[in-house]
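Reviewing the structure listed below.
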Amino acid sequence: MPLAAMQPTLRRPEAREFMPADYFRRAEKEEIFPGARPLEVDLGCGDGSFLIAMAKHFPDRDFLGVERLLGRVRKVSKKASRESLENLRLLRLESRYTVEWLLPPACVSRLHLLCPDPWPKARHHRRRLFQPPFLDAVRQVLVPGGEFLFMTDHPEYFEWAEDIMTRYQGFEILPWSEGDFFYPKTDFQLQWEAEGKSMHRLRLRLPG
Ligand SMILES: C[S@@+](CC[C@H](N)C(=O)[O-])C[C@H]1O[C@@H](n2cnc3c(N)ncnc32)[C@H](O)[C@@H]1O
């Protein structure tokens with residue numbers, strides 16, 4: 001077999017996609033977005049409706065959506081290109097890996113985790129993202145005074161998070177109710193609310 005045929009082929013990134021040159025080292029902030037504008041990251045961004053509304057509303061901030069499903073990444077990336085949103089990029093990667101190993105330290109002003117998979121079965125609870133080692137990693141990537149916003153429709157997952165926060169040191173808990181500030185509803189939030197479910201919110205701030 002010719003050597004060239006044995007080379008792995010790299011997928012061509014979409015226009016608004018951030019494909020790191022090296023997945024095994026922390027990225028530089030400049031690689032994600034040049035300049036010193038605040039960066040917000042949405043973990044598991046799904047159909048991207050929240051991110052697109054945020055990017056339009058805050059043209060002076062940058063937004064990175066993280067999503068493991070390629071089809072969703074492509075769709076959101078195309079929408080961002082169509083709408084000429086230069087401040088929005090997509091990363092196709094696993095959320096925990098992104099926070100623990102890829103994002104540069106002290107670079108994120110707000111990290112959003114909205115309607116994540118609740119993993120309701122007890123034997124799957126260890127797959128939940130909201131756990132102390134993950135919170136340690138969140139603290140590493142936030143800028144001083146940066147925030148981690150967690151929202152779920154799942155009461156038991158929310159209790160789990162609140163219970164962790166009774167013991168976890170290192171964040172200040174800020175009040176957060178719907179309508180406190182501009183915060184578009186996510187696609188899943190709209191679906192759950194249409195079914196009569198309510199949202200539970202936790203807003204954590206890294207001391208500045
Ligand atoms: C329940 S949906 C919520 C989507 C969006 N945040 C919303 O509220 O509409 C969860 C999304 O996270 C993605 N996802 C789940 N686990 C993930 C992981 N470990 N890393 C990256 N994306 C993940 C799924 O593919 C899906 O798009």
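The residues of the chain are indexed from 1 along the displayed sequence. Note that ligands are numbered from 1 as they come in the structure, with each ligand's atoms numbered from 1 the same way.
Proximity of Phe18 to Glu31: side-chain heavy atoms (C-beta onward) are separated by under 4.5 Å at one or more points. Between Phe171 and Leu142 there is a side-chain heavy-atom pair separated by less than 4.5 Å. In this structure the side chain of Leu129 never reaches within 4.5 angstrom of the side chain of Pro116, judged on heavy atoms. Inter-residue side-chain proximity for Pro118 and Glu156 is flagged as unmet; no heavy-atom pair is nearer than 4.5 Å.
Taking only nitrogen or oxygen atoms, main chain and side chain alike, Leu69 does not reach within less than 3.5 Å of ligand 1. Checked by distance only, ligand 1 and Asp42 stay at 3.5 Å or farther apart across all their nitrogen or oxygen atoms. Not one N or O of Gln189 is nearer than 3.5 Å to an N or O of ligand 1, by distance alone. For Cys115, no nitrogen or oxygen atom sits less than 3.5 Å from a nitrogen or oxygen atom of ligand 1, counting backbone and side chain alike. Checked by distance only, ligand 1 and Phe188 come closer than 3.5 Å through their nitrogen or oxygen atoms.
Of all the atoms in ligand 1, the ones that sit under 4.0 Å from a non-hydrogen atom of Thr186 are 7 (C), 8 (O), 9 (O). Shown in contact with Leu114 at under 4.0 Å from a heavy atom are these atoms of ligand 1, numbered in order with element: 3 (C), 5 (C), 6 (N), 8 (O). Close contacts of ligand 1 with Asp187, meaning ligand atoms under 4.0 Å from a residue heavy atom, involve 9 (O). Counting the atoms of ligand 1 from 1 in the order shown, those under 4.0 Å from a heavy atom of Asp117 are 1 (C), 10 (C), 15 (C), 16 (N). In the vicinity of Leu93, heavy-atom distances shorter than 4.0 Å reach the ligand 1 atoms 20 (N), 21 (C). Near Arg72, meaning under 4.0 Å from any of its heavy atoms, are these atoms of ligand 1: 24 (C), 25 (O), 26 (C), 27 (O).
Of the candidates Gly71, Pro116, Ser95, Ser95 brings a heavy atom nearest to atom 21 (C) of ligand 1.
Nearest protein heavy-atom neighbour of atom 25 (O) of ligand 1: Glu67 OE2, 2.6 Å. The shortest contact between atom 14 (N) of ligand 1 and any protein heavy atom is with Arg68 NE, 3.8 Å. The protein non-hydrogen atom at the shortest distance from atom 19 (N) of ligand 1 is Glu94 OE2, 2.7 Å. For atom 5 (C) of ligand 1, the closest non-hydrogen atom on the protein side is Gly44 O, 3.4 Å.
Asp117 and Tyr157 share no donor-acceptor pair across their side chains, judged by distance under 3.5 Å alone.
Not a single heavy atom of Asp47 sits closer than 4.0 Å to an atom of ligand 1.
By the 30° and 60° cut-offs, the orientation of the rings of Trp176 relative to Phe181 is parallel. A parallel orientation is assigned to the rings of Phe150 and Phe158, their planes being inclined by less than 30° (bins at 30° and 60°).
The side chain to side chain donor-acceptor pair (under 3.5 Å) analysis of residues 82-109, with sequence neighbours excluded, yields the pairs Lys56-Glu83. For residues 55-75, every residue pair satisfying the ring pair (Phe, Tyr, Trp, His ring centres under 6.0 Å) rule, not counting sequence neighbours, is listed here: His57-Phe182, Phe58-Phe182.
In terms of heavy-atom proximity, Tyr168 sits nearest to Pro132 at CE1-O, 3.8 Å. Leu91 and Val73 get closest at one heavy-atom pair: O-CG2, 4.5 Å.
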